[in-house]
Amino acid sequence: MSATSPTVLSEFEPSARQPTALPPYETRVPEAMNNYNLPSDPLLITEKVQRLGEQFPTFANKSADDLEDLLRFEDLFQAHIDGLEQVQLMRTLEYELREENERLAEVNLSSEDELRKMRDSVAELQMFASSLTSRLYELVQEHLDLQKPYSPMLLLQRLRDEVKGLDEQADTAARAFMAKEEAIESAECEDFVKTYKQLRLRFHSSEARCRLADAAYRSGSLSGVPLSLDR
């Protein structure tokens, strides 16, 4: 790039300031960067200049003297950097993010009382749910206790006891009738026969039901077998 006449720099005139000494490590370009910054291929140089013009047109359009002034004077360099579109966009985004964070912080602070009330309400509801859960466990235990007298095993035992009781009741009635020494009237005999038939009928009905229930109980299923003792 050929050197051109210096550009007028208005308020950043180099003659108005003392030049800033560059640090020792900036006085020369390292060997590795030297090959990168100064390629020997003309096509590669053209490509890099084109890319510089696309991404940083403000640098690409400056002369060698202008670039040297940017490197020598920090305030001039900072002013040029601050004027870059990318930097301005970044600062705009930074400002918008800060404003949004402040807005969200204000929203959170304004909702603090409401959130505290909601937290207290949730705590009360949790306590109420805990009490309901305890009551549910109590009711389940009561239900299990009420079911114990009506378990299949106990109902089957009660049915066996009923069968045995009906058999003994029929035998007792027959013995009492046969033990009578006085003459038995026909009406009394008919009443005995009627009563005895009813007892034996109930006995055989209960015995059949007991056998079916016992078989179902041994097989592990009592479905379809009436075990109720109601008549």
Side-chain angles (χ1 to χ4, degrees), residues 51 54-56 78-79 81-176 194-231:
R51 185 181 304 174
E54 293 175 354
Q55 298 181 358
F56 302 99
Q78 188 63 44
I81 291 297
D82 293 340
L84 292 178
E85 181 180 359
Q86 296 90 331
V87 175
Q88 293 179 357
L89 177 61
M90 180 187 67
R91 292 181 177 177
T92 301
L93 293 177
E94 180 182 357
Y95 174 79
E96 293 177 354
L97 288 175
R98 183 171 63 252
E99 291 292 324
E100 183 65 17
N101 288 336
E102 292 178 357
R103 186 187 68 81
L104 292 176
E106 293 176 356
V107 171
N108 292 335
L109 291 176
S110 63
S111 304
E112 184 177 2
D113 294 337
E114 182 180 359
L115 292 175
R116 184 180 293 106
K117 293 179 181 179
M118 293 177 63
R119 182 180 60 187
D120 296 339
S121 177
V122 170
E124 293 178 359
L125 291 176
Q126 288 179 343
M127 294 179 60
F128 181 67
S130 178
S131 63
L132 290 180
T133 303
S134 301
R135 180 55 182 165
L136 175 62
Y137 289 152
E138 294 176 359
L139 292 176
V140 170
Q141 186 61 42
E142 293 177 3
H143 179 69
L144 294 176
D145 294 339
L146 291 175
Q147 279 186 329
K148 288 180 180 179
Y150 304 98
S151 63
M153 183 175 63
L154 292 178
L155 289 177
L156 181 59
Q157 184 61 40
R158 290 172 61 185
L159 188 57
R160 290 171 180 169
D161 294 340
E162 180 187 14
V163 171
K164 183 178 179 181
L166 290 173
D167 189 25
E168 293 176 353
Q169 187 177 357
D171 291 342
T172 301
R175 292 193 191 95
K194 182 178 179 181
T195 301
Y196 186 78
K197 284 184 177 181
Q198 291 178 352
L199 290 174
R200 297 308 296 178
L201 180 62
R202 291 179 58 190
F203 166 76
H204 289 296
S205 177
S206 297
E207 185 183 26
R209 188 179 296 109
C210 183
R211 290 179 180 178
L212 291 174
D214 185 67
Y217 179 76
R218 293 178 183 277
S219 64
S221 173
L222 289 175
S223 60
V225 180
L227 295 181
S228 176
L229 301 180
D230 297 337
R231 297 287 183 267

Should [X] and [Y] count as side-chain neighbours, where that means a heavy-atom distance under 4.5 Å?
{"X": "Asp82", "Y": "Gln88", "answer": "no"}
{"X": "Val122", "Y": "Arg119", "answer": "no"}
{"X": "Gln86", "Y": "Met90", "answer": "no"}
{"X": "His143", "Y": "Leu139", "answer": "no"}
{"X": "His204", "Y": "Leu166", "answer": "no"}

Examine distances only and state if a side-chain atom of [X] and a backbone atom of [Y] form a donor-acceptor pair shorter than 3.5 Å.
{"X": "Thr172", "Y": "Glu168", "result": "yes"}
{"X": "Ser219", "Y": "Ala216", "result": "yes"}
{"X": "Asn108", "Y": "Leu104", "result": "yes"}
{"X": "Ser111", "Y": "Val107", "result": "yes"}
{"X": "Asn101", "Y": "Leu97", "result": "yes"}

N-O pairing of [X] and [Y] below 4.0 Å:
{"X": "Arg91", "Y": "Glu94", "result": "no"}
{"X": "Arg116", "Y": "Asp113", "result": "yes"}
{"X": "Arg158", "Y": "Glu162", "result": "no"}

**OP:** Run the numbers on Glu106 and Arg103 for salt bridge (Lys or Arg N to Asp or Glu O under 4.0 Å), then give the verdict.
**Re:** CA-CA 5 Å; Glu106 293 176 356; Arg103 186 187 68 81; over 6 Å; no
Original post:
Does a sphere of radius 6.0 Å around CD in Glu114 hold more than 12 heavy atoms from other residues, nucleotides or ligands, not counting ones at 6.0 Å or beyond?
Top reply: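 No, the 6.0 Å shell around CD holds no more than 12 heavy atoms from other groups.
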**OP:** Can you measure from OG (Ser131) to CG (Leu136) and round to the nearest 0.5 angstrom?
**Re:** 11.0 Å
Subject >> Distance (rounded to the nearest 0.5 Å) between Thr92 OG1 and Glu85 CD >> reply: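 Going from OG1 on Thr92 over to CD on Glu85, the span is 10.0 Å.
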Original post:
On the ring face of Tyr95, is Arg98 found with NZ or CZ under 6.0 Å from the centre and within 45° of the axis?
Top reply: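 No, Arg98 and Tyr95 do not form such a contact.
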**OP:** Compare every heavy atom of Tyr196 with every heavy atom of Ala174, then report the nearest pair and how far apart it is.
**Re:** CB-CE1, 3.9 Å
